[in-house]
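Both counts, for ligands and for their atoms, begin at 1 and track the order of listing.
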Amino acid sequence: MKKMTLTTKILISLVTGIIAGLLLFSLKDIPFVEDYIIGFFLKLGGSVFIRAIKMLVVPLVFISLTVGSSAMGDVRKLGRIGIKTLSFYLFTTAIAITIALLLANIVNPGSGLIIDNMAKVGTSTSQPKPFVDVLINIIPSNPISAMANGNMLQIIAFALLTGAGITILGDKVSKVKDLFDQANDLILEMVNLVMMMAPLGVFCLIATTFASLGYTAMLPLLKYILTTLAALLIHVLITYQGLLVGIVKMNPIVFIKKFFPAISVAFSTSSSGATIPVTLETVQEEFGVSKSTSSFTIPLGASINMDGTAIMQGVAVVFIASVYGVNLSMGDYITVILTATLASIGTAGVPGAGAIMLSMVLAQVGLPIEGIALIMGVDRIIDMNRTAVNVAGDAVCTLIIAKTEGEELILK
Ligand code: ASP
C-alpha cells in the first residue's frame with residue numbers, strides 16, 4: 001500500500017476532529033468526558049503540539065532571517081525587497097477589506113438581529129496601541145527580552161542588523177556565518193520532527209474547539225459567519241488565484257496541495273505566528289523560494305499581513321452598524337478601509353487578536369465598542385479560517401517577490 005502523505009493524514013484529522021468535537025459537545029455532561037477525554041487527552045495532545053511548534057518560532061525566525069539577510073550580499077537588495085514586500089502586503093489587505101465591505105453590504109448580515117438577545121455574550125476588550133507606538137516598538141531596546149517575549153517585529157529588526165553586520169564584515173566572521181548556516185539546517189530538521197506529530201495535534205485541537213463551541217452557539221450568527229467565510233473565499237479565489245496565475249504562473253491547485261500542511265496548522269492553531277515554521281519550510285522546500293527572500297517575507301507577513309483579519313473586520317463593522325441601526329457614509333467606508341489595513345498590521349499573529357483590534361476600527365467610525373460582544377461567541381470559528389487566509393496571503397506574496405526577483409521557483 002502507498003504510504004499516506006502528511007497532507008492526507010492531517011486532512012483526515014481535521015474532519016474526524018470536527019466530528020469527534022461535536023460528538024463530545026453533546027456528551028459534555030458526563031464527567032468522564034469533560035474531565036478525562038477533553039480535559040486530559042485532548043488537552044495534552046493539542047497543547048504539546050502547539051507548544052512544540054511555538055518553541056521553534058523565535059530561534060527559527062532569528063536564525064533564518066540572519067542567514068537570509070547575510071546571504072543577500074548587498075544592503076540595497078534588502079531595501080528593495082523590503083519596500084516591495086510592504087507594498088504587496090498593504091495592497092492585498094486593502095483589496096481584502098474592500099471585498100468584505102462590498103459583500104457585507106449586499107448580504108446585509110445584521111438584518112433581523114436584535115441586540116437584546118445577544119447582550120449576555122460578554123466581551124473582553126483592551127485598548128489597542130496608538131499607531132506611532134506600533135512603529136516605535138519595531139526597534140527593541142533589548143533583543144533578549146524581544147526574544148523572550150516573542151516580539152516578532154523586534155526580532156526581525158535585530159536579525160536584519162545582525163545579517164547586515166555579517167555581510168559587511170565578510171570573511172572576518174566566516175565562522176559566525178557557518179555557525180548560523182548550520183544552526184539553520186538544524187532548526188529546519190527540528191520542524192520536520194515536530195510536524196510528524198501534526199495529525200495527532202490537529203485532531204486534538206480541532207476536537208477541543210468544537211467540543212466547547214458546539215453548533216448551537218453558531219446558529220444566531222450564521223449569516224455573519226457565512227458572509228465572512230464567503231468574503232474569505234472570494235479573496236482566495238479571485239485575488240490570490242489571480243496573482244498566482246497572472247504573476248507567478250503557478251496552477252492554484254498545485255499551490256493548495258503543497259501548501260496544505262501550513263493551512264491546516266494555521267486553521268487548527270488560529271495563529272499565524274505559530275505557523276511560521278511550517279510556512280517557511282513549505283515555501284522553501286516545496287516552492288523553491290530562496291532562504292534570503294522567504295526568511296524575511298514570511299515572519300514579516302505573519303506579523304503584519306492579515307488579509308483574513310481585515311475581511312473579518314470589514315464584515316463585522318457592517319454587521320455591528322446594522323444591528324445598532326447606524327448608517328455608514330462613503331467616508332466611513334474609506335475610514336474603515338484605512339483603519340482596518342492599519343489595524344491588521346498591528347494585529348499580533350495569535351488567536352483572537354483580530355477581534356480585539358476591531359475595537360480600533362469601530363471607534364474610528366463611531367460605532368459602540370460593545371458591538372464586539374456580538375461576535376465574540378463565534379469568533380473562534382472565523383479565526384481559524386481567517387488565519388488560514390492570513391498565512392496563505394503571506395505565501396502568495398512571498399512567491400510574487402521571489403518571482404519578480406528572478407528566482408527559479410518549483411511550479412509543479
Ligand atoms: N489569529 C489571527 C492570526 O494569527 C489574528 C486574528 O485574530 O485575526 O493570524
Side-chain angles (χ1 to χ4, degrees), residues 46 49-51 53-54 57-58 61 89 92-93 96-97 99-100 123-126 128-129 134 149-153 155-156 202 205-206 208-209 213 224-225 228-229 231-232 235-236 240 259 262-280 282 297-317 319-320 336 339-362 372-373 375-398:
F49 176 58
I50 283 210
R51 292 178 72 107
I53 305 192
K54 280 193 177 164
V57 173
V58 169
V61 170
Y89 281 159
T92 53
T93 306
I97 170 101
I99 292 177
T123 179
S124 57
T125 50
S126 56
K129 282 200 202 104
V134 174
N149 294 322
N151 186 319
M152 216 43 70
L153 291 181
I155 298 172
I156 290 175
V202 166
L205 290 170
I206 295 290
T208 310
T209 304
L213 282 182
Y224 163 71
I225 298 176
T228 313
L229 294 185
L232 289 172
H235 187 56
V236 170
Y240 292 165
F259 197 61
I263 293 179
S264 68
V265 172
F267 189 79
S268 54
T269 59
S270 286
S271 166
S272 312
T275 314
I276 291 174
V278 196
T279 322
L280 201 53
T282 312
T297 56
I298 295 297
L300 184 70
S303 21
I304 68 163
N305 184 44
M306 310 255 171
D307 294 359
T309 301
I311 286 176
M312 173 280 281
Q313 292 176 341
V315 178
V317 164
F319 175 74
I320 291 168
V336 171
T339 39
T341 306
L342 291 182
S344 74
I345 295 178
T347 303
V350 297
I356 293 170
M357 290 306 278
L358 177 61
S359 56
M360 176 171 144
V361 186
L362 292 176
I372 295 180
I375 55 152
M376 268 302 183
V378 293
D379 192 59
R380 182 64 193 223
I381 299 277
I382 300 205
D383 200 3
M384 302 194 316
N385 290 283
R386 70 175 180 253
T387 307
V389 172
N390 289 344
V391 169
D394 301 341
V396 170
C397 285
T398 298

Closest protein heavy atom to [atom], given as residue, atom name and distance to 0.1 Å:
atom: atom 4 (O) of ligand 1; result: Ser272 N, 2.8 Å
atom: atom 1 (N) of ligand 1; result: Asp383 OD1, 2.7 Å
atom: atom 7 (O) of ligand 1; result: Gly354 N, 2.7 Å
atom: atom 2 (C) of ligand 1; result: Thr387 OG1, 3.3 Å

### Message
Test of understanding: with side chain to side chain donor-acceptor pair (under 3.5 Å), list the residues that count as partners of Thr93, not counting sequence neighbours.
### Response
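Expected list: Asn305, Asp307.
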#### Entry: Check: Tyr89 side chain, Gly393 main-chain N or O, donor-acceptor pair, under 3.5 Å
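No: the side chain of Tyr89 does not pair with the backbone of Gly393.
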### Structural part of Arg386 in contact with ligand 1, heavy atom criterion under 4.0 angstrom
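Near ligand 1, Arg386 shows its side chain, while the N, CA, C and O stay back.
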### Message
If we set the cut-off at 4.0 Å for heavy atoms, which region of Met306 has an atom near ligand 1: side chain, backbone, both, or neither?
### Response
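Only the side chain of Met306 comes within reach of ligand 1.
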#### Entry: Straight-line distance of Ile225 CD1 to Ile381 CD1, nearest 0.5 Å
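The distance works out to 6.0 Å.
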Would you mind running through ligand 1 and noting each atom that sits below 4.0 Å from a heavy atom of [X]?
X: Thr309; value: 5 (C), 6 (C), 8 (O)
X: Ala353; value: 7 (O)
X: Ser271; value: 4 (O)
X: Gly352; value: 7 (O)

#### Entry: Summary of side-chain hydrogen bond (donor to acceptor under 3.5 Å, both in side chains) pairs that have at least one residue in residues 377-390, sequence neighbours excluded
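Listed once each, the pairs are Ser270-Arg380, Thr309-Asn390, Asp379-Arg386, Asp383-Arg386, Asp383-Thr387.
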### Message
Restricting to non-hydrogen atoms, name the atom on Ile311 and the atom on Ala100 that form the minimum distance, rounded to 0.1 Å.
### Response
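Distance-wise, the nearest heavy atoms are O-CB, 3.4 Å.
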### Task
Decide yes or no on side-chain contact (heavy atoms from CB on, under 4.5 Å) for Val391 and Ile263, but give the supporting numbers first.
CA-CA 7 Å; Val391 169; Ile263 293 179; 5.9 Å; no
### Query
For ligand 1, is there an N or O atom under 3.5 Å from any N or O atom of Val350?
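It does: an N or O of Val350 is found under 3.5 Å from an N or O of ligand 1.
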### Task
Only one of Ile50, Thr208, Val202 passes side chain to side chain contact (heavy atoms under 4.5 Å, CB included) with Ser268; say which it is.
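Single pass found, and it is Val202.
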### Pairwise side-chain contact, Thr297 with Cys397, heavy-atom cut-off 4.5 Å (strictly under)
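With C-beta onward as the side chain, the pair stays apart.
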